[in-house]
There are 2 protein chains.
Amino acid sequence: MPRKSELNQELRDARKEQILKAALIVFARRGMVATKISDIAKEAGLSHGLVYHYFNSKEEIFSLLVKKAANSSIEIIQQANEIKGTPLEKLRWMTEQILNSFVDSEHTLLFLIMIQASTSDAIPAEVKELLTGDQSLSPVMCTLPIIAAGQEKGEIISANPVTLAVTYYAFIQGLAINKIQWPECPIPDANLLLRIFINEKGSSYHNE
Amino acid sequence: MPRKSELNQELRDARKEQILKAALIVFARRGMVATKISDIAKEAGLSHGLVYHYFNSKEEIFSLLVKKAANSSIEIIQQANEIKGTPLEKLRWMTEQILNSFVDSEHTLLFLIMIQASTSDAIPAEVKELLTGDQSLSPVMCTLPIIAAGQEKGEIISANPVTLAVTYYAFIQGLAINKIQWPECPIPDANLLLRIFINEKGSSYHNE
DNA sequence: GTCTATAGCGGGATAGAC
DNA sequence: GTCTATCCCGCTATAGAC
């Protein structure tokens with residue numbers, strides 16, 4: 001492949017990234033339906049016609065962002081599974097990663113995109129399926145084994161693991177939403193959130 | 001006032017309620033912008049023209065629902081303040097009320113309307129002001145005195161009260177969102193949420 | 001009071017100039 | 001590759017029949 005077209009490809013990819021980045025901002029703040037292609041174009045600093053030179057439709061752009069969001073959220077859980085430590089330490093590490101990511105707005109915005117995609121009936125079915133496609137990849141499902149292991153070990157209270165996971169993710173989603181309403185809102189420490197899990201009485205370290 | 005027009009007024013109000021109820025359902029699930037007047041009409045079982053006989057615009061309908069949602073959320077906090085008991089007992093009562101209301105879908109939907117109104121830039125400023133108008137009436141602000149009193153008493157851990165309140169409402173909002181993604185999802189017990197507040201003996205959590 | 005028909009406009013997507 | 005002009009559909013809101 002000649003040098004020139006490689007370079008062109010890179011420029012093309014950079015432009016696509018630029019548009020996606022702009023789209024992320026406006027989609028997260030206005031919602032998919034309320035966002036006009038011209039909003040994205042204005043945010044990216046180019047004409048609305050050019051957006052269609054790089055993407056086929058508004059839905060395609062939104063869809064790519066949903067994919068990106070879903071991947072990065074699954075990735076964190078998988079990384080948590082790989083680090084060594086007790087189940088509770090894995091949960092703490094994961095929680096810290098997520099809470100830290102809220103400082104950087106890009107991750108928060110990706111979270112909001114995912115919430116929109118899963119909660120709004122206005123999102124086309126094909127896009128929603130990106131999230132529900134493989135049930136076993138849902139954050140709640142991926143987290144269950146860690147919670148169960150922690151219960152086995154006595155580190156985590158013996159409530160219904162699904163309820164615990166739901167509650168945990170409710171917190172995460174709620175915090176992401178809060179962040180957009182009130183960008184300077186105080187982000188709690190991971191330990192505060194983990195209090196819902198921790199079995200104070202039978203402390204983990206003496207219980208084996 | 002003659003009897004007949006009183007009766008007419010009642011019928012008129014009932015129709016308005018019918019439309020509002022239908023609007024609540026579709027607004028919550030699709031978002032304000034994505035909801036068409038014909039969606040509301042279809043849900044209410046009448047023609048789209050008739051909706052305009054009772055309301056002036058889509059925005060007016062949405063706005064009325066936001067008002068209703070804001071009122072009922074403030075009401076719960078005020079009621080919590082009035083019951084007798086320790087601060088923690090007030091928080092428990094309030095949490096139980098809210099979690100119970102999630103069983104009934106109308107309250108959950110009102111919650112979602114409020115989240116939309118406060119998070120989306122696509123919502124007209126006049127509507128957003130219904131929520132931000134009096135800062136001192138925000139749920140976080142209303143809850144701070146209860147939390148502070150609980151800390152005074154030693155019932156509640158000595159973290160930053162604003163952070164605690166933000167975390168608490170993040171849970172609540174997150175659960176409301178969860179409920180629409182997954183209607184049969186397990187709703188946690190109030191005591192599980194309250195674990196973030198409770199100062200158990202041997203708890204080593206400190207902040208600031 | 002309730003319906004159907006339609007005016008009017010805004011925005012997604014495309015064509016074509018440069 | 002980038003822009004402007006425009007097609008065309010769909011939705012809000014209104015008009016007017018019954």
inquiry  = Using a 3.5 Å distance criterion without hydrogens, assess whether the side chain of B:Arg195 forms a donor-acceptor pair with backbone atoms of A:Ile198.
reply    = yes

query = When you measure from the side chain of A:Ile37, which nucleotide among C:dG12, D:dC3, D:dT2 comes out closest?
reply = C:dG12

For atom NE2 of A:His53 and atom P of C:dA13, their distance in whole Å = 17 Å

task = Mind calculating the distance between CG (A:Leu50) and C1' (C:dG12) to the nearest angstrom?
result = 16 Å

inquiry  = Using whole Å, what does the distance between atom P of nucleotide C:dG1 and atom CZ of B:Arg12 come to?
reply    = 6 Å

query = Starting at CE of A:Met32 and ending at C1' of C:dG12, how long is that distance when rounded to a whole Å?
reply = 12 Å

ask   = Where the side chain of A:Lys58 is defined as all heavy atoms beyond and including C-beta, which of D:dA13, C:dA13, D:dT2 is the nearest nucleotide?
value = C:dA13

note = For B:Val26 and B:Thr35, the nearest pair of non-hydrogen atoms, with its separation, is O-OG1, 3.4 Å

ask   = C:dC3 C1' sits how many Å from B:Tyr54 OH, rounded?
value = 12 Å

query = Contact class for B:Leu11 (heavy atom, under 4.0 Å): base, sugar-phosphate, or nothing?
reply = nothing

ask   = Pick one: which of B:Lys16, B:Gln9, B:Arg15 meets side-chain hydrogen bond (donor to acceptor under 3.5 Å, both in side chains) with B:Asp13?
value = B:Gln9

inquiry  = So, under a plain 3.5 Å distance rule, would you say the side chain of B:His48 forms a donor-acceptor pair with the base of C:dA5?
reply    = yes

key: Donor-acceptor under 3.5 Å (B:Glu89 side chain, B:Thr86 main chain)   = yes

